[in-house]
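As a basis for the values below, the full set of heavy atoms in this structure was taken, side chains included, without hydrogen atoms, waters or symmetry mates.
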Amino acid sequence: MDGVLPMAERLTAAARLMEAIAACDPRDCAVLLSSALETLAAGEPGVPFLDIQLEAQDWASFATPQELEAYLEACAVKLASTTLSPKARERIRGYVKGIA
């Protein structure tokens with residue numbers, strides 16, 4: 001198998017993980033979970049060499065929900081003060097409608 005577990009196994013593993021987290025000392029748990037999240041995170045987006053849209057999509061496919069939200073927020077703040085064409089603003093509104 002290529003690392004993808006069937007749903008029943010995923011649910012069992014998730015339940016075991018939650019039990020282990022609940023049983024863990026909070027000081028140890030914070031260190032262990034932080035380390036695990038760092039390992040699972042995609043990190044910062046790379047420098048786009050060929051196609052910026054494909055590079056962004058590739059990074060997003062590996063990013064955690066927290067990373068996606070953080071970068072989206074940072075981009076939204078920057079875009080709010082950036083001069084964009086009406087077509088660009090309309091495209092962005094379309095992207096945001098898809099997640100709202």
Side-chain angles (χ1 to χ4, degrees):
M1 196 176 278
D2 61 356
V4 178
L5 295 175
M7 183 56 71
E9 289 182 41
R10 288 177 59 194
L11 292 172
T12 300
R16 286 195 319 259
L17 178 59
M18 292 305 294
E19 289 171 7
I21 290 169
C24 193
D25 182 282
R27 295 166 294 183
D28 299 329
C29 190
V31 172
L32 292 169
L33 290 176
S34 294
S35 177
L37 288 174
E38 284 180 25
T39 301
L40 295 171
E44 64 187 47
V47 178
F49 290 110
L50 302 173
D51 183 326
I52 193 167
Q53 189 66 33
L54 289 175
E55 295 277 345
Q57 290 171 354
D58 185 54
W59 174 83
S61 72
F62 294 102
T64 64
Q66 293 80 11
E67 288 174 308
L68 292 170
E69 184 179 353
Y71 277 96
L72 177 63
E73 179 184 3
C75 290
V77 168
K78 179 64 179 166
L79 284 169
S81 64
T82 300
T83 303
L84 296 169
S85 71
K87 285 188 176 194
R89 290 215 177 267
E90 189 60 33
R91 282 193 308 272
I92 292 167
R93 275 193 284 278
Y95 303 145
V96 174
K97 281 183 188 176
I99 61 171

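Looking at heavy atoms from C-beta onward, Leu68 lies in side-chain contact with Trp59 at the 4.5 angstrom threshold.
At a threshold of 4.5 Å between side-chain heavy atoms, the hydrophobic network of Ile, Leu, Val, Met, Phe, Trp and Tyr places Val31 and Ile21 in two separate groups.
In this structure, Phe62 CZ and Gln57 CD are separated by 12.5 Å, a value rounded to the nearest 0.5 Å.
Its side chain outside the 4.5 Å cluster rule for every partner, Leu32 clusters with none of the Ile, Leu, Val, Met, Phe, Trp and Tyr residues.
Thr12 places a side-chain N or O within donor-acceptor distance of the main-chain N or O of Ala8, the cut-off being under 3.5 Å. Judged purely by atom type and a 3.5 angstrom limit, Glu9 has no side-chain atom pairing as donor or acceptor with the backbone of Pro6.
Identified under the side-chain hydrogen bond (donor to acceptor under 3.5 Å, both in side chains) test for residues 16-31, with sequence neighbours left out: Asp25-Arg27.
Of all heavy-atom pairs between Cys29 and Cys24, the closest is N-SG, 3.6 Å. Nearest approach of Arg89 to Thr82, heavy atoms of both residues: NH2-O, 2.7 Å.
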Under 3.5 Å donor-acceptor pairs involving side-chain atoms of residues 73-81, not counting sequence neighbours:
residue: Ser81; atom: OG; partner: Lys78; partner atom: O; Å: 3.2

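Within a 6.0 Å sphere centred on CZ of Arg10, heavy atoms belonging to other residues, nucleotides or ligands number 12 at most.
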